[in-house]
Amino acid sequence: MLRMSTLFLRTLRDDPADAEVPSHRLLVRAGYIRRIAAGIYSWLPLGVITLRNIENVVRQEMDSAGFQEVHFPAMLPRDPYEQTNRWTEYGPDLFRLQDRKGTDYLLGPTHEEMFTLMVKGEYSSYKDLPLALYQIQTKYRDEARPRSGIIRGREFVMKDSYSFDLTDEGLVESYQRHRAAYIKTFDRLGMKYNIVSAVAGAMGGSSSEEFLAPCPTGEDTYVLCPKCGYAANVEAMTTKVAAVDPSGIGALEVFDSPNTPTIDSLVELLNSKFGGGYTGASTLKNVMLMADDVAISVLVPGDREVDIKRLQANMPGVNEIRVFEEPDFAKFPGLVKGYIGPQDAKKNGITVYADPRIAPGTSWVTGANAREKHALNVVNGRDFEVDHYIEAAQIREGDSCPTCDTAVVIDRAIEIGHIFQLGRKYADALNLTVLDQNGKSQVVTMGSYGIGVSRAVAAIAEQTHDEIGLSWPVEVAPAKVHVVVAGKDDSLFEAAEKISADLEGRGISVMLDDRRGTSPGVKFKDAELIGIPMIVVVGKALEQGNVEVRVRKSGEKSEIAVGSAVDEIAKTLASLK
RNA sequence: CGGGGCGUAGCGUAGUGGCUAGCGCGCCUGCUUUGGGAGCAGGAGAUCGGGAGUUCGAAUCUCCCCGCCCCGACCA
């Protein structure tokens with residue numbers, strides 16, 4: 001039982017000046033966490049209990065799915081990360097340190113290497129597979145910009161698991177088992193979430209999905225189809241555009257277009273010169289970019305920007321994409337700034353990438369590669385060639401769902417889980433092999449699965465709080481019932497003690513506000529701020545032999561006879577789950 | 001890393017060159033009070049982020065450094 005008379009807790013009346021998002025503000029005010037440095041937080045008793053509750057739900061669901069818990073150090077030697085090249089690849093986000101002898105260590109940002117090596121050390125037969133291991137560990141990433149309190153910290157708690165299979169089919173099965181376990185986990189945690197397609201990114205691998213908890217303060221943007229349920233991270237959204245027959249389109253025509261370096265100015269000229277009906281979407285924008293020092297041209301409709309983040313996500317192996325600068329243009333004298341068209345790309349030695357919206361056979365207005373000249377009826381496949389199609393244009397609300405053509409909606413969310421099929425990248429690099437039925441050595445294939453445990457504290461707070469405070473789901477709350485003594489009479493304290501003890505006796509955890517000399521108003525405000533799902537007030541109603549029972553989330557209040565209070569509370573609590 | 005804001009007691013803040021750095025919350029003592037962040041009285045608590053400089057005099061002006069928050073870049 002938590003007793004507020006002795007609990008190490010001080011709630012704050014004012015919002016902390018350095019907290020903006022609701023979860024951060026309320027977790028600090030209600031005394032769950034305190035900031036130590038940018039992106040680094042301490043956990044006070046209420047916070048620790050809440051974090052542990054989430055951890056335990058995660059642990060139970062992993063165990064019941066048949067995954068086995070192990071534990072690695074947070075401080076790791078350099079060598080394994082050198083073998084997979086991540087000592088270098090991970091860059092400045094990796095916390096590095098040295099021991100007294102000058103030997104390099106790192107604080108683990110994720111543990112693929114260690115798990116791979118652990119399995120390598122114990123197993124060597126196909127008969128041992130499949131295998132899935134997990135840990136709940138503190139991770140360290142020196143984020144360029146930690147933000148939003150506990151949502152993106154530099155130290156955070158993560159559950160990471162890894163599956164090991166002999167075959168690709170086995171990997172798919174392991175992946176599905178994790179997916180199912182994640183669904184059970186997040187359901188129990190009382191979270192709203194969407195499972196969305198993601199881009200596997202630099203980690204490689206074929207299939208990847210994210211569990212996103214929708215909330216306005218989230219930093220991930222995703223699309224959702226209201227009709228068929230298609231959901232994807234904007235980076236992974238695909239565009240379906242059919243090829244068209246260009247045979248009716250007239251020949252390419254170059255025309256004078258003085259002072260039209262922008263799409264807007266071009267559209268205006270088109271409409272005055274050739275009649276109305278032209279919009280930005282009629283034009284073809286040529287964006288020149290450097291992809292790891294290779295010059296590429298990216299084609300998107302004129303009314304859309306290139307989404308560099310999306311583009312990069314769809315160009316695995318490319319580390320940096322940046323826009324063309326003056327010195328780059330100087331190297332390609334064939335490019336006339338503001339009047340670039342794809343017609344001469346080959347001649348200029350430029351690789352042409354096109355968004356799928358630039359479908360084969362479509363006709364465009366674009367630059368004529370000459371100062372103050374544009375071209376009309378420029379047809380893909382006839383007047384220019386596309387080297388690669390790639391998702392590059394920014395996504396908008398109302399874009400077509402790739403599976404059912406319905407207009408999609410765009411929403412923001414916090415990433416709380418990520419599952420993906422890694423494949424053999426780490427097993428190859430670290431030589432994790434087993435012997436198959438024929439005695440032949442086979443490289444193991446892996447999956448990797450993460451849940452942001454400390455982030456889930458914030459995500460749940462974001463999704464469940466209201467204007468007056470936190471409001472936890474039953475599974476994660478630091479106690480299930482908050483018993484408030486409202487008054488100074490000893491009989492009130494005695495009755496509250498008894499109800500609390502009875503609840504605890506039934507396995508229902510209680511926080512008892514047994515502070516003497518604290519006014520009822522203060523206790524009510526604290527209870528609402530702290531967010532325990534049920535509040536029981538032992539106060540003036542006791543004269544009639546009653547206590548008042550409140551449901552934090554709905555605000556529902558009722559008076560119940562003391563004798564049946566424990567039964568009623570247990571019943572209501574069960575209905576809240 | 002680019003842009004913006006900020007740093008005064010545990011928390012929130014006032015204070016643009018001049019008296020002992022002010023107020024609210026919280027904390028301590030006493031009395032009163034107890035159903036919505038109580039009242040009165042008395043108290044403790046501050047190297048004004050750090051350093052250097054300008055000045056008779058610096059929380060306040062100048063320079064350097066450190067830290068924090070927000071937007072963006074970045075984020076297996």
Side-chain angles (χ1 to χ4, degrees), chain A residues 9-21 24-25 28-29 31 34-40 81 84-86 89-94 108-113 115 139-149 151-154 156 158 160 162 198-205 208 210 217 219-220 233 235 308-309 312-313 316 319-323 414-415 418-420 422 425-426 446-450 452 455 468-469 484-489 492-493 513 515-529 535 537-543 547-548 550 557 559:
Chain A
L9 169 72
R10 198 100 310 163
T11 57
L12 304 175
R13 203 172 284 217
D14 301 304
D15 280 336
D18 62 356
E20 203 122 315
V21 300
H24 187 195
R25 237 175 46 222
V28 171
R29 265 194 67 199
R34 292 287 181 260
R35 195 183 61 75
I36 292 297
I40 301 177
Y81 286 77
T84 56
N85 201 33
R86 284 166 110 196
E89 254 176 27
Y90 218 99
D93 279 14
L94 192 63
T110 172
H111 282 72
E112 279 79 3
E113 284 81 352
F115 275 85
K139 306 288 187 189
Y140 297 87
R141 295 181 194 176
D142 193 1
E143 296 283 350
R145 181 152 95 82
R147 73 181 88 181
S148 308
I151 294 176
R152 175 172 293 277
R154 293 192 294 171
F156 56 97
M158 177 169 161
D160 51 329
Y162 303 86
V199 177
M203 291 291 292
S208 163
E210 290 169 343
T217 47
E219 37 181 11
D220 280 37
N233 195 301
E235 294 162 21
I308 292 186
K309 210 167 152 180
Q312 180 148 20
N319 287 321
E320 194 206 7
I321 295 180
R322 61 172 176 82
V323 297
I414 300 173
E415 179 185 345
H418 198 164
I419 53 178
F420 52 103
L422 267 184
K425 175 176 171 176
Y426 291 91
M446 294 168 58
S448 140
Y449 318 90
R455 176 181 280 182
I468 55 175
V484 173
V485 182
K488 59 177 176 179
D489 208 274
L492 299 173
F493 283 83
D513 196 342
R515 290 176 293 179
R516 299 240 175 204
T518 300
S519 70
V522 171
K523 290 183 175 181
F524 294 150
K525 291 285 185 201
D526 274 348
E528 284 149 2
L529 180 61
I535 299 169
V537 181
V538 182
K540 64 185 181 190
L542 194 65
E543 284 173 32
V547 293
E548 188 183 317
R550 304 179 183 180
K557 296 181 188 181
E559 285 200 7

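Letters go in sequence order (proteins before strands), and every chain restarts at 1. In this text, all values refer to a predicted model and were calculated from it rather than measured experimentally.
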Candidates B:rC75, B:rC68, B:rG72 - which lies nearest the side chain of A:Arg152: B:rC75
From B:rC75, B:rG12, B:rC70, pick the nucleotide closest to the side chain of A:Asp93? B:rC75
Qualifying residues under side chain to side chain contact (heavy atoms under 4.5 Å, CB included), relative to A:Glu559, sequence neighbours excluded: A:Ala541, A:Asn546
The side chain of A:Ala17 is closest to which nucleotide in this list: B:rG26, B:rU34, B:rU13? B:rU13
Side chain of A:Asp18 (C-beta onward), nearest among B:rC70, B:rC27, B:rC68: B:rC68
Considering every strand and a 4.0 Å limit on heavy-atom distances, what is the contact class for A:Ser148: base, sugar-phosphate, or nothing? sugar-phosphate
What's the closest nucleotide to the side chain of A:Ala486 if the choices are B:rG12, B:rU34, B:rG35? B:rG35
From C-beta outward on A:Phe524, which listed nucleotide comes closest to its side chain: B:rG36, B:rG12, B:rG26? B:rG36
B:rC71 phosphate, OP1 or OP2: any side-chain N/O from A:Arg145 under 4.0 angstrom? yes
Scan A:Glu528 against the nucleic acid and name what it touches under 4.0 Å (heavy atoms): base, sugar-phosphate only, or nothing. base
Should A:Arg550 and A:Glu528 count as side-chain neighbours, where that means a heavy-atom distance under 4.5 Å? yes
Earlier contact from the 5' end, RNA chain B, for A:Met158 and A:Ala144: A:Ala144
Using only heavy-atom distances, determine whether the side chains of A:Ser208 and A:His418 contain a donor-acceptor pair under 3.5 Å. yes
Contacts of type side chain to side chain contact (heavy atoms under 4.5 Å, CB included), residue A:Glu235, not counting sequence neighbours: A:Val199, A:Asn233, A:Lys309, A:Arg310, A:Ala313
For the C1' atoms, the ones on B:rG57 and on B:rC65, what distance do you get once it is rounded to whole angstrom? 26 Å
Could you give the distance separating B:rA9 and B:rG15 at their P atoms, to the nearest angstrom? 15 Å
What's A:Ala527 touching, base or sugar-phosphate or nothing? Going by heavy atoms closer than 4.0 Å. nothing
A:Ser519 side-chain proximity, nearest of B:rA38, B:rG35, B:rC71: B:rA38
Under the 6.0 Å and 45° cation-pi test, does A:Arg516 pair with A:Phe493? yes
Please determine, for the side chain of A:Arg147, which listed nucleotide (B:rC70, B:rG24, B:rU34) has the closest atom? B:rC70
Remember a base hit wins even if backbone is also touched, and classify A:Asp526 as base, sugar-phosphate or nothing at under 4.0 Å, heavy atoms. base
Any base atoms under 4.0 Å from A:Lys309, or only sugar-phosphate, or nothing? Heavy atoms, all strands. base
Within the 4.0 Å heavy-atom criterion, would you say A:Gly487 contacts the bases, only the backbone, or no part of the nucleic acid? sugar-phosphate
So which nucleotide from B:rC69, B:rU13, B:rG36 ends up closest to the side chain of A:Arg35? B:rC69
With sequence neighbours excluded, tell me which residues meet side chain to side chain donor-acceptor pair (under 3.5 Å) with A:Arg10. none
Have a look at A:Arg550 and say if it touches a base, only the backbone sugar-phosphate, or nothing, with a 4.0 Å heavy-atom cut-off. base
Contact nearer the 5' end of RNA chain B, comparing A:Arg141 with A:Pro146: A:Pro146
Kindly write out the residues that satisfy salt bridge (charged side-chain N to carboxylate O under 4.0 Å, His left out) with A:Arg515, not counting sequence neighbours, or none if the list is empty. A:Asp513, A:Asp526
Look at all strands and tell whether A:Glu548 reaches a base, only sugar-phosphate, or nothing, counting heavy atoms closer than 4.0 Å. base
Output all residues satisfying ring-ring contact (aromatic ring centres under 6.0 Å, His included) with A:Phe115, sequence neighbours left out; order by chain, then residue number. A:Phe72, A:Tyr162
For RNA chain B, the expected dot-bracket line (Watson-Crick or G-U under 3.5 Å, [ ] crossing, | inter-strand) is ((((((((.[[[[.)..(...]]]].((((((.....)))))).....[[[[[..)....]]]]])))))))....
